[in-house]
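Comments concern the structure below.
Because only heavy atoms are used, hydrogens play no part in the values below, and waters and symmetry mates are left out as well, while side chains stay in. Below, chains carry the letters A, B, ... as their sequence lines are ordered, and counting in each starts from 1.
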Amino acid sequence: MKFRRVASGYLIRLERGEEAIASLASFAAQKKIPCGTIQGIGAVKDVTLGYFDTCRRAYRTKKVRNICEVLSLTGNISYLDDKPYVHTHIILAGPRHNVLGGHFFSGTVAITLAKCLR
Amino acid sequence: MKFRRVASGYLIRLERGEEAIASLASFAAQKKIPCGTIQGIGAVKDVTLGYFDTCRRAYRTKKVRNICEVLSLTGNISYLDDKPYVHTHIILAGPRHNVLGGHFFSGTVAITLAKCLR
Amino acid sequence: MKFRRVASGYLIRLERGEEAIASLASFAAQKKIPCGTIQGIGAVKDVTLGYFDTCRRAYRTKKVRNICEVLSLTGNISYLDDKPYVHTHIILAGPRHNVLGGHFFSGTVAITLAKCLR
C-alpha cells in the first residue's frame with residue numbers, strides 16, 4: 001500500500017495481491033482514524049459479496065473469482081469493540097460490462113485499487 | 001435520524017422507516033445547507049426509480065418493493081424556489097446480487113442508511 | 001461548463017454536448033489541480049466503456065449510443081507525462097433501469113452532468 005496525506009484525508013493505492021478490507025482496517029487502526037468515508041475504483045478478484053436477508057437475519061454470500069473492474073466502492077469506517085470496522089458496498093463489472101454488487105466482505109486487489117479516505 | 005458534525009460536513013444515519021429523500025431535504029433546510037454533495041450506502045425498500053425519457057420529456061418510473069442493498073447513493077443538494085432540492089441517483093442490489101438503478105424519487109429505509117453530506 | 005469554488009474543491013456542471021473526459025482534463029490543467037477525486041451524476045450518450053483484459057493486456061471496449069442515466073461516476077485525477085490524467089469508472093442505467101458499466105473512455109453529456117472535484 002502507498003498513501004499520501006491530502007487536505008481532505010488520504011489518497012491510498014492498494015497494490016496487487018493485497019486483501020482490500022484487511023488492508024484498509026489495518027490502515028485505519030495505524031492512523032487512528034476515528035471515523036471516515038471511503039470511495040474507490042480499481043480492479044479486484046476473488047470477491048465475496050453479501051446480501052443481507054432480513055428474514056433469516058443473515059447474509060447470503062456469493063464468491064466472484066474472476067477479475068472485475070471495481071466501478072464503485074463506497075462506505076465508511078466506524079469502531080466496534082475498539083477495532084476499526086470498514087463497512088463498504090462494491091459494484092463490479094465483468095468482461096461484457098455486466099454489473100453485479102453487494103456488501104463487500106473481502107477481495108484481492110487484481111491490478112490496483114485507488115481509494116480516498118476522508 | 002442521527003447525525004454528527006465532522007470537518008467536511010455531516011455524517012448522517014437514517015433509521016428504519018424514514019423516507020430517505022424527504023428526511024434529507026428536511027435536514028438540508030433545517031441546517032441551512034446552501035449546496036452540497038451526498039454519498040451513502042445502506043438498505044431500502046419501496047423505492048421509486050426514474051429514467052428520464054428525453055423524447056417524451058418525462059420520467060419513466062419503476063417501483064421496487066422488496067428490500068435491496070444500496071450499493072451507491074450519489075448526488076447533490078441545490079435550491080429550487082427557495083426549497084432544498086435533493087437530486088440523487090441510486091444503485092440497488094437484490095438477493096442474487098443483481099443490480100438495477102436510476103434517479104431516486106423516494107424509498108423507505110429498511111435497515112439503516114449511512115450518508116455523508118459535504 | 002459552469003463551476004463554483006467551494007471549501008472542498010469545485011462543483012462543476014458540464015453542459016449538453018460537451019465530451020466529459022476532455023472537459024474535465026482541460027479544467028484540471030487550467031486550474032492546476034495536482035491530484036483530486038471526482039464524483040458525479042447526470043445523463044450521457046455515445047459512451048465508450050472499457051474492461052481491462054489482463055491476459056491480453058488491453059481493454060475490451062463497448063460503445064453505448066443511447067442516452068443513459070449516469071448512476072455513478074467515480075475516479076481520480078493524476079499526472080502522466082505532465083498532463084492531467086482523468087481516470088474514472090462509470091455506471092449507466094437504461095430505460096428499463098438495467099445497469100452496465102466500466103472504465104469511462106469517453107461520452108457526450110446528454111442533459112447535464114454535475115460533478116464534484118476535490
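Across all non-hydrogen atoms, the minimal contact from C:A93 to B:G101 is CB-O, 3.5 Å. Closest heavy-atom contact between B:H87 and C:I41: O-CD1, 3.6 Å. When all heavy atoms of B:Y51 and C:I67 are compared, the closest pair comes out as OH-O, 2.6 Å. In terms of heavy atoms, C:R4 sits closest to B:C35 at NH1-SG, 3.6 Å. Contact between C:L71 and B:H89 at its shortest, heavy atoms only, is O-CB, 3.7 Å. The two residues B:G50 and C:E69 make their nearest non-hydrogen contact at O-OE2, 4.1 Å.
The local environment of NZ in C:K45 is sparse, with at most 12 non-hydrogen atoms from other residues, nucleotides or ligands closer than 6.0 Å. Applying the 6.0 Å contact sphere to CZ of B:R5 captures more than 12 heavy atoms from other residues, nucleotides or ligands.
Note: C:G94 leads C:G94, C:G40, C:A110 in heavy-atom pairs under 4.5 Å with chain B. For the set C:V6, C:L11, C:V70, the count of heavy-atom pairs under 4.5 angstrom toward chain B peaks at C:V70. Taking chain C as the reference chain and counting heavy-atom pairs below 4.5 Å, the highest number among B:N76, B:I91, B:L92 is found for B:I91.
With a 4.5 angstrom heavy-atom cutoff, B:T74 touches chain C via backbone and side-chain atoms both. For chain C, the nearby part of B:T61 is the backbone; its heavy atoms alone come within less than 4.5 Å. Looking at B:L73, neither its backbone nor its side chain comes within 4.5 Å of chain C, counting heavy atoms on both sides.
From B:K62, atom NZ reaches atom CZ of C:R96 across 10.0 Å, with rounding to the nearest 0.5 Å.
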